[in-house]
Colleague: 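Shown below is the structure under consideration.
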Amino acid sequence: MHSRWDPHSAPVHPLEQAAYGARLLGSDPSLVLHGGGNTSVKTTATDVTGEDIEVLYVKGSGYDLASIPPEGFTPLRMARLRELLIVPRLTDPQMVNELRCARLDAAAPDPSVEALLHALLPFPAVQHSHADVIVTLTNLADGEQRIREVFGDEVVVVPYVMPGFDLAATVADCWPQQSHAGTVGLVLLNHGLFTVGADTRQAYQRHIELIDRAERYLAEHTAAAAGPPAPQDLPSIPAVELAELRQRISAAAGFPMIVSRHTGPTVASFVARPDLAAVATRGPATPDHIIRTKLKPQLGVDVDGYRQQYAEYFDRNATRRAALDRSELTALDPAPRVLLDPRLGMLTVGRQAKDADIAADIYHHTIDIITAGEALGGYRALDESHLFDVEYWDLEQAKLRRAGTPPMFAGQVALVTGAASGIGRACAAALLAAGAAVMGLDLADSVTETFDAAGYLGAQVDVTDPVAVDAALLTGVGRFGGLDLVVVSAGIFAASAPIAELDAGDWRRTMSVNVDSVANLFRAVHPLLVRSPVGGRVAVIASKNVPAPGPGAAAYSASKAALTQLSRVAALEWAPDGIRVNLVHPDAVFDTGLWNPELLAERAGRYGMSVQDYKRRNLLRTEVSSDLVAAAVVRLCSDEFAATTGAQLPIDGGSDRVV
Ligand code: ZN
């Protein structure tokens, strides 16, 4: 490992330097993953009385080290922290309250629960990571010995203690006993590394130097055990199989879940291990991973078995805790977050796509840590009871609670055709905003970049090509696990022409895109919608031309009428499966790909109107936007319309030919 400290861009000011150093540490996933780790700096500040006081700036809750700004550090009065450090015992809620009260700025975020530990280390700068190599070495039966072999007595070694006040109290005992002039840091067994320095630069350099030494040691001692070269990616499996598994996982959770499949070489080698069941069920590499991965992955596809084991694990430990400190704990959902199977590879599970991605990042690192640990004599995690206490630690649960109530469509997966522009794009945006994961299809290649979000996957597809549509569905289901919602928005409007002058090619193409492709899509998505954990829903963008056709638009009007009838039949056929199919009939939506300023001016001119008046040519004299259509589509797909199927909703500003 090399230092990435750049003396030209590193700030001199202590707090700014602390933020710079924290970002260097946090942006290396082999050191810190998703909100893990913390850093601090001690300095002086002038308070409102004009007096200089000692201050500890420590990482604030809710900030990620990878991107933390100086204001992400909470200033705490050192004098008060010193007083707290000599109190014999503080409960977690007491400690959190006292730390809050020690802030210099009432608007600063809650300080890290490790603030007291940072305060007691007698150096201005402290950096803490969960480095892969440190947790690899300390998750071994002889972990402490290995650390001594690599670092000698340059680090203080502390046995695992639950983070918070107890850990600070333990370190307060160990540090004076073990430290000396050459001490550069602290290793917490089964947890991670702290380094100290006169400034952040020194704490960071020491961190990198220790990690580098550990990496060299690991490379030397695991080289002989390197297995055969990784196999290829695992082959694909039918989309329906994944959707069925997601349905069962969601049923176990009690709410819909995103399920992402991972099949790369690292995963393929790991799931092929003959001892997979033994090595994968020993627990997470560092305790705070448990809120993302649960204690153990599920092996194979027996979701009920996993649910039952989780319930037993909860009962066993909740009983222990009730006897110990009269805790009354409420069980978390018993669905797995990681599933391993020789044929499926690794599936990761989350309330939203980004949660499934975090579980995947963590478990990819866990695979490396377990593999190295096995080569060193045997990966061994903490006892179940310690891990349970972190999983059900109120301060860890608070991290998840900060995310707030999940949005309306959290855990649900939508497919939107025509997602690169107009009404399709607006529907995709509205569904993403409501928490759904969205697969967007479009003929335009910009569809792959229409949205930059973990919950979005775009594919350039000609919807009239059934093979391409099936392939896109297979990829999308591999990414999100299944399908709950379909929005049919792709459509074309061929050049206006009276019937006597109809171009046969235009007619055929309009029918092909607006009707035939949807019949094919319905055939392809039905087996997936049937397996939706919350009931499938389809919203079809038809047209006002269905109830009120216009001259010169024979192909378009006829195609949308056929599409309407197709959708009504789907509503009839699919109601027994719990799938709702509804239609909207927009009119005069001018912010779509069908319209451009020239066409608009030409049409307005034909009616002797200004463009502004032409756009509002309806009973309400209102403009109909794509966003308005999308808002109606989202509502139709929500539970507010749970009793509605086969409905046709005009979104046209009011038309005397429709009302
Ligand atoms: Zn930690």
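Predicted, not measured: the structure shown is a model, and the values here were computed from it. In what follows, every heavy atom counts, from backbone to side chain, and hydrogens, waters and symmetry copies are set aside. Note that the numbering runs from 1 along the sequence shown for the chain.
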Colleague: In terms of side-chain geometry, is the basic nitrogen of Glu83 or Arg80 positioned less than 4.0 Å from the acidic oxygen of its partner?
Modeller: yes
Colleague: Please determine if Arg148 and Glu154 form a salt bridge, counting it only when a charged side-chain N lies under 4.0 Å from a carboxylate O.
Modeller: no
Colleague: Without hydrogens or angle criteria, can the side chains of Arg103 and Thr74 be said to hold a donor-acceptor pair below 3.5 Å?
Modeller: no
Colleague: Can you pull the salt bridge (charged side-chain N to carboxylate O under 4.0 Å, His left out) pairs that have at least one residue in residues 186-209, sequence neighbours excluded?
Modeller: Glu209-Arg213
Colleague: Taking Tyr204 for its side chain and Arg4 for its backbone only, find out whether a donor-acceptor pair lies under 3.5 Å.
Modeller: yes
Colleague: Does any donor atom in the side chain of Tyr313 or Glu384 lie under 3.5 Å from an acceptor atom in the other side chain?
Modeller: no
Colleague: Do Gln205 and Ser3 pair up side chain to side chain, a donor and an acceptor below 3.5 Å, judged on atom types alone?
Modeller: yes
Colleague: Between Arg479 and Asp357, is the closest basic N to carboxylate O distance under 4.0 Å?
Modeller: yes
Colleague: With distance as the sole criterion, is a donor-acceptor pair present between the side chains of Arg320 and Asn317 under 3.5 Å?
Modeller: yes
Colleague: Please walk me through it: do Phe388 and Leu295 pass side chain to side chain contact (heavy atoms under 4.5 Å, CB included)?
Modeller: CA-CA 8 Å; Phe388 177 90; Leu295 178 72; over 6 Å; no
Colleague: Is the centre of the Tyr392 ring less than 6.0 Å from the centre of the Phe314 ring?
Modeller: yes
Colleague: Are there over 12 heavy-atom neighbours, none belonging to Arg216, within less than 6.0 Å of that residue's CZ?
Modeller: no
Colleague: Tell me if a side-chain donor or acceptor on Tyr306 pairs with a main-chain N or O of Ala252 at a distance below 3.5 Å.
Modeller: no
Colleague: Any side-chain donor paired with an acceptor under 3.5 Å for Tyr217 and Arg146?
Modeller: yes
Colleague: Are any side-chain N or O atoms of Arg351 and backbone N or O atoms of Ala410, one a donor and one an acceptor, separated by less than 3.5 Å?
Modeller: yes
Colleague: Let's go through Asp6 and Ser9 carefully: what are the C-alpha distance in whole Å and the side-chain angles of both, what is the deciding distance for side chain to side chain donor-acceptor pair (under 3.5 Å) to 0.1 Å, and is it a yes or a no?
Modeller: CA-CA 6 Å; Asp6 175 2; Ser9 56; 3.1 Å; yes
Colleague: Taking the six-membered ring for Trp, are His130 and His34 ring centroids under 6.0 Å apart?
Modeller: no
Colleague: For residues Asn139 and Ala381, report the shortest heavy-atom separation together with the two atoms involved.
Modeller: OD1-CA, 3.8 Å
Colleague: His180 side chain to Asp153 main-chain N or O, any donor-acceptor pair under 3.5 Å?
Modeller: yes
Colleague: Check for a donor-acceptor pair, side chain of Gln178 on one end and backbone N or O of Val157 on the other, with a separation under 3.5 Å.
Modeller: yes
Colleague: Under a 4.0 Å N-O cut-off, is there an ion pair linking Glu312 with Arg307?
Modeller: no
Colleague: Quick check with a 6.0 Å cut-off and a 45 degree axis cone: is Lys294 positioned over the face of Tyr310's six-membered ring?
Modeller: yes
Colleague: Please check if the number of heavy atoms outside Asp639 that lie under 6.0 Å from its CG is greater than 12.
Modeller: no
Colleague: Is the side chain of Thr348 donor-acceptor paired with the backbone N or O of Ala356 at a distance under 3.5 Å, no angle test?
Modeller: yes
Colleague: So, does His207 use its side chain to make a donor-acceptor pair with the main chain of Ala203 at under 3.5 Å?
Modeller: no
Colleague: Is the backbone N or O of Pro11 less than 3.5 Å from a side-chain atom of Gln17, with the two atoms forming a donor-acceptor pair by type?
Modeller: yes
Colleague: Kindly say whether Asn190 contributes a backbone atom to a donor-acceptor pair with the side chain of Thr138 at under 3.5 angstrom?
Modeller: yes
Colleague: If the test is side-chain contact (heavy atoms from CB on, under 4.5 Å), which one of Asp166, Leu90, Val87 qualifies with Met95?
Modeller: Leu90
Colleague: Should Ile358 and Ile362 count as side-chain neighbours, where that means a heavy-atom distance under 4.5 Å?
Modeller: yes
Colleague: Specify the closest pair of heavy atoms between Ala119 and Leu81, including all atoms of both residues, with the distance to one decimal.
Modeller: CB-CD1, 3.7 Å
Colleague: Should Asn38 and Phe194 count as side-chain neighbours, where that means a heavy-atom distance under 4.5 Å?
Modeller: yes
Colleague: Are His364 and His262 close enough that their ring centers fall under 6.0 Å?
Modeller: yes
Colleague: Within a strict 4.5 Å, meaning less than it, do heavy atoms of the Leu186 and Leu193 side chains meet?
Modeller: no
Colleague: Is a side-chain donor or acceptor of Thr286 paired with a backbone partner of Asp288 at a separation under 3.5 angstrom?
Modeller: no
Colleague: Tell me yes or no: between the side chains of Ser385 and Asp383, is some donor less than 3.5 Å from an acceptor?
Modeller: no
Colleague: Could you check whether the rings of Tyr160 and His191 sit parallel, tilted or perpendicular, using 30° and 60° as the cut-offs?
Modeller: tilted
Colleague: Answer yes if the side chains of Asp52 and Thr44 hold a donor-acceptor pair under 3.5 Å, and no otherwise.
Modeller: no
Colleague: Compute the ring centroids of Phe73 and Tyr57, then answer whether they are less than 6.0 Å apart.
Modeller: no
Colleague: How far apart are the C-alpha atoms of Trp393 and Val113, what are their side-chain angles, what is the distance that settles it, and do they pass the side chain to side chain contact (heavy atoms under 4.5 Å, CB included) test?
Modeller: CA-CA 12 Å; Trp393 189 22; Val113 294; 3.9 Å; yes
Colleague: Looking only at heavy atoms, what is the nearest atom pair of Ile370 and Val279, with distance?
Modeller: CD1-O, 3.7 Å
Colleague: Consider only side-chain N and O atoms of Glu374 and Thr371, and report whether a donor and an acceptor are under 3.5 Å apart.
Modeller: no
Colleague: Does Asp484 pair with Arg246 as a salt bridge, N-O distance under 4.0 Å?
Modeller: yes
Colleague: Between Arg337 and Asp355, does any side-chain N to carboxylate O distance fall below 4.0 Å?
Modeller: no
Colleague: Could you check whether any side-chain heavy atom of Pro287 comes within less than 4.5 Å of a side-chain heavy atom of Leu382, counting everything from C-beta outward?
Modeller: yes
